[in-house]
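For reference, the structure is listed below as structure tokens.
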Amino acid sequence: MLGVVPSMVRTWKSTNCTAGYDWSTIRCFCSTGEASNVDEYLWLMGRARYKPVIEICGGTEIGGGFIAGSLLQPQSLSAFSTPAMACSLFIIGSNGVPIPPNVPGIGELALGPLMFGASSTLLNADHYSVYFKGMPVCNGKVLRRHGDVFECTSRGYYRAHGRADDTMNLGGIKVGSIEIERVCNAVDGNVLETAAIGVPPRGGGPDRLVVAVVFKDRSHPAMDLNRLRACFNSALQAKLSPLFKVYRVVALASLPRTATNKVMRRVLRQQFAQTEANSKI
């Protein structure tokens, strides 16, 4: 088994740096850390004669994974097929109530409060306030907050759509950063990766969509950013919503990441909001 994270696979695919390696003895891949991309993972499978990619999602505070793929079940690319052992999953609908089991829908993920390895105290915060306060009750038990946005598909698979706090409201439509980034990453062959950020304008109002871009060629001329913004707009309006519009494109050498390689969109949001405020002074 070869363990990967989606950002690593994206770099391998875009740079073709794994060309010439023999991966035929790999029996399967395991992926975790962030939401993955179907096209990139189909490419990854092709490096090893189309061996499967088993997804797993979890967190330090629960001592491991709560949802995964399984070699004992049919799999779907960039999706999970089953809750982990002794875990129960709930997707909170827009009305604040868990969507019935096996019914397609998307919303913030909640966990059953009892599971192996789950935390019961925090060193620097109140455990109840962080994980249970304000959560709905199901079967007489308060559900545990996790913070990811998950989708249950019509075929019974689960897909991750990033953190709930990485969502934004564009033109009255709530959308996750991951959905926008998947479209933007495919717009131009020189784009290595993107981060979509909703930045509130100074004085209030609807979020403005700012897209941070990391280019494969770091010397990519800045004058192309306006053209790229127009391309992003065309793709987003065609594939997601005609109301979506990119306010600004910012070129970065790299995206800020945590020690576990997750994109720190909160940091970018703070930076862009400060830039927006300073530009009005």
Side-chain angles (χ1 to χ4, degrees), residues 1-6 27-36 41 51-166 176 178 258-262:
M1 176 185 288
L2 177 63
V4 298
V5 294
R27 296 178 60 189
C28 68
F29 299 94
C30 181
S31 174
T32 190
E34 56 188 348
S36 57
Y41 273 34
K51 299 302 194 304
V53 180
I54 300 301
E55 301 266 1
I56 185 168
C57 185
T60 306
E61 76 285 355
I62 59 172
F66 59 84
I67 189 171
S70 172
L71 293 175
L72 300 178
Q73 297 172 308
Q75 295 299 290
S76 179
L77 274 170
S78 298
F80 309 89
S81 60
T82 181
M85 183 173 64
C87 290
S88 50
L89 311 179
F90 304 86
I91 295 177
I92 310 301
S94 57
N95 59 355
V97 176
I99 297 173
N102 302 318
V103 173
I106 186 170
E108 183 173 349
L109 182 78
L111 305 174
L114 302 177
M115 70 187 79
F116 294 132
S119 63
S120 58
T121 60
L122 293 174
L123 294 176
N124 57 357
D126 180 72
H127 191 269
Y128 176 82
S129 296
V130 171
Y131 293 115
F132 294 99
K133 186 176 181 179
M135 293 298 289
V137 175
C138 186
N139 297 326
K141 296 178 181 179
V142 180
L143 300 183
R144 180 184 176 113
R145 180 180 293 108
H146 181 70
D148 282 355
V149 174
F150 261 69
E151 173 189 5
C152 180
T153 71
S154 59
R155 297 173 60 201
Y157 294 99
Y158 294 89
R159 297 191 185 278
H161 290 276
R163 299 293 295 173
D165 53 10
D166 285 336
I178 294 292
T258 66
T260 56
N261 209 45
K262 292 182 173 65

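Residues meeting the side-chain hydrogen bond (donor to acceptor under 3.5 Å, both in side chains) test with S154, sequence neighbours left out: none. For F80, the ring-ring contact (aromatic ring centres under 6.0 Å, His included) partners at least two apart in sequence or on another chain are F150. The side-chain hydrogen bond (donor to acceptor under 3.5 Å, both in side chains) check on Y41 picks up S31, with sequence neighbours excluded. T32 is linked by a side-chain hydrogen bond (donor to acceptor under 3.5 Å, both in side chains) to nothing, counting only residues two or more places apart in sequence or in another chain. For P74, the side-chain contact (heavy atoms from CB on, under 4.5 Å) partners are Y157, not counting sequence neighbours. Applying the side-chain contact (heavy atoms from CB on, under 4.5 Å) criterion to L71, with sequence neighbours excluded, gives P52, I54. The side-chain hydrogen bond (donor to acceptor under 3.5 Å, both in side chains) test applied to S88 returns no partner, not counting sequence neighbours.
Every pair passing side-chain hydrogen bond (donor to acceptor under 3.5 Å, both in side chains) that includes a residue from residues 110-125 is listed here, sequence neighbours excluded: S119-H127, S119-R144. Residue pairs that meet the salt bridge (charged side-chain N to carboxylate O under 4.0 Å, His left out) test with at least one member in residues 145-157, sequence neighbours left out, are D148-R163. Residue pairs meeting the side-chain hydrogen bond (donor to acceptor under 3.5 Å, both in side chains) criterion with at least one member in residues 93-116: none, sequence neighbours excluded. Counting only residues at least two apart or in different chains, side-chain hydrogen bond (donor to acceptor under 3.5 Å, both in side chains) contacts with residues 128-143 comprise D126-S129. Applying the ring pair (Phe, Tyr, Trp, His ring centres under 6.0 Å) rule to pairs touching residues 89-126 yields nothing, sequence neighbours excluded.
Contact detail for R159 and A79: the closest heavy-atom pair is NH1-CB, 3.7 Å. For the residue pair M1 and C30, the shortest heavy atom distance occurs at SD-CB, 3.5 Å. Minimum interatomic distance between V130 and A125 (heavy atoms only, all atoms of both residues): CG2-CB, 4.0 Å. S81 and S70 make their closest contact through OG-N, 3.4 Å (heavy atoms, listed as atom of the first residue, atom of the second, distance). The nearest pair of heavy atoms linking M135 to A110 is CE-CB, 3.6 Å. E55 and S36 get closest at one heavy-atom pair: OE2-OG, 2.6 Å.
At least one side-chain heavy atom of L143 sits under 4.5 Å from a side-chain heavy atom of I92. At a threshold of 4.5 Å between non-hydrogen side-chain atoms, the residues F66 and P83 do not count as touching. T82 places none of its side-chain heavy atoms less than 4.5 Å from the side chain of I67.
Of the inter-residue distances, the one linking C57 atom SG with L89 atom CG reads 9.5 Å to the nearest 0.5 angstrom.
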